[in-house]
Protein chains: 4
Amino acid sequence: MSNDSGSVRRVPQKAEEGAARLAPRRGRPAGDHKAKRAELLKAATAVIAREGYAGASLRKVAQHAGHTTGAVTYYFANKEAMFTAVVESVFDEFDAFLETSRDPADVKTILNQWLNRTSADSDFWPVIFQLLAHARHEPAFAAIIERRYAKLREVLTTILERGQDEGVIRGDIPADLIADQLSAISDGWMMMLPVEPERFAPKRLQALLQATIALISPPSDVSDDRLGR
Amino acid sequence: MSNDSGSVRRVPQKAEEGAARLAPRRGRPAGDHKAKRAELLKAATAVIAREGYAGASLRKVAQHAGHTTGAVTYYFANKEAMFTAVVESVFDEFDAFLETSRDPADVKTILNQWLNRTSADSDFWPVIFQLLAHARHEPAFAAIIERRYAKLREVLTTILERGQDEGVIRGDIPADLIADQLSAISDGWMMMLPVEPERFAPKRLQALLQATIALISPPSDVSDDRLGR
Amino acid sequence: MSNDSGSVRRVPQKAEEGAARLAPRRGRPAGDHKAKRAELLKAATAVIAREGYAGASLRKVAQHAGHTTGAVTYYFANKEAMFTAVVESVFDEFDAFLETSRDPADVKTILNQWLNRTSADSDFWPVIFQLLAHARHEPAFAAIIERRYAKLREVLTTILERGQDEGVIRGDIPADLIADQLSAISDGWMMMLPVEPERFAPKRLQALLQATIALISPPSDVSDDRLGR
Amino acid sequence: MSNDSGSVRRVPQKAEEGAARLAPRRGRPAGDHKAKRAELLKAATAVIAREGYAGASLRKVAQHAGHTTGAVTYYFANKEAMFTAVVESVFDEFDAFLETSRDPADVKTILNQWLNRTSADSDFWPVIFQLLAHARHEPAFAAIIERRYAKLREVLTTILERGQDEGVIRGDIPADLIADQLSAISDGWMMMLPVEPERFAPKRLQALLQATIALISPPSDVSDDRLGR
DNA sequence: GATGAATGAGGCTTCATTCAT
DNA sequence: CATGAATGAAGCCTCATTCAT
């Protein structure tokens, strides 16, 4: 009776706004569950992005979402399950992003986007990086990441093969190996981004991207002159 | 070495004074001290390599070294100081390794070694990776890693410039940018190693290394034929 | 049955009234209610038998019964009420079992059945044991167990008195004291059963039963020879 | 600095008194550890006797001993380890009790003591009972109890054999079977003690003990008259 | 009438750190 | 100088119970 206040807390107007856009909100049926789960997932992602995996306690996630700790463990069996779901959701988001940007014909534009993904405003990279760091001791993470990374590289390979057919990508190295290199490069950048931000200042990043394109272009494409710095 | 000051709490110069006052032999006590410290450092490195940063508690380190909990907190002001020292020591070790392998004239051999460092039997990469993952929230880590990584890339740049002069490295991209790419590539590999071990099976790794060499070689070097898989 | 009052919170007589108001069939809803309650009770018994009282959470009971958490708290005021109902139901079941087996004339056969009850395939003993262990801190349990145990011993006393009249039970000890001893013996066995299963292997159990019969038989019955092992 | 108060709390004079009786307390060497451990063990025993296993949280044990929760987990790896130690210590105590009371020649006196152990002022029975109830789900408990119980029954068998030789115990039933029965009887009593205290009121208990002695005495010993109630 | 989302307390455990000895 | 006993906070998780729907 004295702590009734807490019960009303977590149904702010925002929730209703979102629901209201789709339906006039009758009877509060199912679907609420999924929505709440997604909300918590978003909170978990945000917390992990801001505080790292080590700092991502269930308590903080709950707090960030405006819930109690108990609520989190109601929606997720345990911490591992929660962050496993985070990995999946974050990959889903990235896949969706890729889907929308695959249409354009210019291979190099795509690659630029790809390599430049570090600057996407999503929390994709920080989160993946954090979870990756714990993958060795959380096999569930490793399994998902392996599977989804492989798929990403497949997509990239397809794009590169198209580029080789069109003559804009060097043909002396198999596309899957190039895809692997590009993937590794962007992974490496992502990893160092929080440590060496000035290494990725806009100007320098531009040069890096250009150099990367040069690495995978056919010899003739770059003519003779050195790339400027 | 430059920031030893923060690492030890109650053992400034007085340590040696005190020892000297009690016994005339003045080498041993200090040696003991340093030796024990190094022992703990090695234990810390081993623990972090095996259990990750999240699992690397001071207690485990003490246990692994066969010392008591108190010993750890006596030789290091706190956890941060201890693992800061680990970062330094691990880089020192890697620098020493580089030093010994820099002599040979063949640039490509060096690069092979460099890129292949993932397979070195030292704990360098797993440890760096773990500490890197926490660098954003442990500025002390970030500072050291940034400084030492920069130095590593400088060394690599020098080697690559020599290669460009000798004509075995493509000259159309500035050496520092190539160094950056190579560094990123090996970082990316290192990061994925625990998750996708089969991606780095000996055969595939060979192809990857060969492809990387191809990427940074002058066009003529690879002649016409595609690199095999 | 006598203390049903406490067991159900919000479903006094109104339950049937409410059901009757909505539908003309008046047998089903109440039947549904009782049936569901019984279902939950059975599940509770099974859970307590398998996981012990400590492991018998309302959630597990609900799960085992295939119902939701809310169902349990709807049909029972609280945990205590639920397990109180379990005690009653489990004694009811055992009483029914006794009723069916009391007819035969041979007193020793009955005693054998009684003492051998540990091997009955019902969950009677494990459940009673678990609830008994918590009786001191759950007075509701203690009250029921005391009452029903006393009744059991009364029945046993009656049987033993008949045996004394028939001359197959020793007459030098009052029947109620013998009943007490027998009750204690089987309690003691039941208690140790989970800990020392091999102490109750068929062969040894046979010898124990025979020895018990010998203890309560008139001197002449066992003649001179020692009971074999 | 502000909470120094707590550090001094748990070294009251009583501790020093006990130590002082044996030694003038120099340097506070080892032994302290064992003493503290024993202190916690005693607290654990007391708590389990008073509140049952279900109510015996580490928190309560620590509180009862005047320590923090952390202290408990410092002396015992975990809850299981602590209560395992409790089982052992409680059996040790009971063994010691038996040892001191085994000397007298009169077998029946010994048996009286044995059967009457329920009234011993130690926490032996309540504690054993509580731990026994959890033995099925805590194999460590079961193992210890099985071992030590077997030893107790061996001692009892030896005593009974002596009685048979002296002609005060009936010889028609093997001593080990009688020992088993007696053990079961006292177990059964112990189990019901908290539930039916009036069943073990002094007068009735006297009758029960007398009846038990009668059960295991040679026929001639009890003469003709019925045992009174 | 019945559900299941959510709570908040409490359980066990691990940990970095402090301090008397 | 060095130890290890002890702390107290925090982490994850389970649970009985409440309440809006």
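To find a chain, count down the sequence lines: A is the first, B the second, and so on, and within it residues start at 1.
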Atom [atom1] of [X] to atom [atom2] of [N]: distance rounded to whole Å?
{"X": "C:Glu39", "N": "E:dA2", "atom1": "CD", "atom2": "P", "answer": "13 Å"}
{"X": "D:Lys79", "N": "E:dT14", "atom1": "NZ", "atom2": "P", "answer": "15 Å"}
{"X": "A:Leu58", "N": "E:dT7", "atom1": "CG", "atom2": "P", "answer": "14 Å"}

**Prompt:** Does a side-chain N or O from B:Tyr74 land closer than 4.0 Å to OP1 or OP2 of F:dT3, or not?
**Reply:**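 No.
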**Request:** For F:dT3, take OP1 and OP2 only and decide whether either is under 4.0 Å from a side-chain N or O of B:Lys36.
**Result:**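 For F:dT3, OP1/OP2 do have a side-chain N/O of B:Lys36 under 4.0 Å.
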**Request:** Quick one: label B:Ser57 by what it contacts on the DNA or RNA (base, sugar-phosphate, nothing), any heavy atom closer than 4.0 Å.
**Result:**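 Answer is sugar-phosphate: B:Ser57 comes under 4.0 Å of backbone atoms only.
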**Prompt:** How would you label the contact of C:Thr69 with the nucleic acid (heavy atoms, under 4.0 Å): base, sugar-phosphate, or nothing?
**Reply:**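 Base contact - C:Thr69 has a heavy atom under 4.0 Å of at least one base atom.
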**Item:** Closest to the C:Tyr75 side chain, choosing from E:dA2, F:dA10, F:dC13
**Value:**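 Of E:dA2, F:dA10, F:dC13, E:dA2 is nearest to the side chain of C:Tyr75.
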**Prompt:** Closest to the C:Thr73 side chain: F:dT7, E:dC12, F:dT17?
**Reply:**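 Selected nucleotide: F:dT17.
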**Prompt:** If each of A:Val72 and C:His67 is mapped to the nucleotide of DNA chain E with the nearest heavy atom, which maps nearer the 5' terminus, i.e. the 5' end?
**Reply:**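 Looking at the nearest nucleotide for each, C:His67 comes out on the 5' side.
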**Asked** DNA chain E: B:Gly70 or B:Lys60, which has the more 5' nearest nucleotide?
**Response**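 It is B:Lys60, whose closest nucleotide lies nearer the 5' terminus.
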**Message:** Ring-plane angle category for C:Tyr75 and C:His33, please: parallel below 30°, perpendicular beyond 60°, tilted otherwise.
**Reply:**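 Rings of C:Tyr75 and C:His33: tilted, as their planes differ by 30° to 60°.
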Under 3.5 Å donor-acceptor, [X] side chain and [Y] backbone:
{"X": "A:Lys60", "Y": "A:Gly55", "answer": "yes"}
{"X": "A:Gln130", "Y": "B:Ala133", "answer": "yes"}
{"X": "B:His64", "Y": "B:Leu40", "answer": "no"}

**Request:** For DNA chain F, just give me the dot-bracket, please: Watson-Crick or G-U, both distances below 3.5 Å, ( ) intra-strand, [ ] crossing earlier pairs, | paired with another strand, . unpaired.
**Result:** .||||||||||||||||||||
**Asked** Can the ring centroids of D:Phe83 and D:Tyr53 be said to lie less than 6.0 angstrom from one another?
**Response**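 Yes, close enough.
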**Asked** Checking side chain to side chain contact (heavy atoms under 4.5 Å, CB included) for the pair A:Asn78/A:Thr73: CA distance, chi angles, key distance, verdict?
**Response** CA-CA 6 Å; A:Asn78 49 38; A:Thr73 64; over 6 Å; no
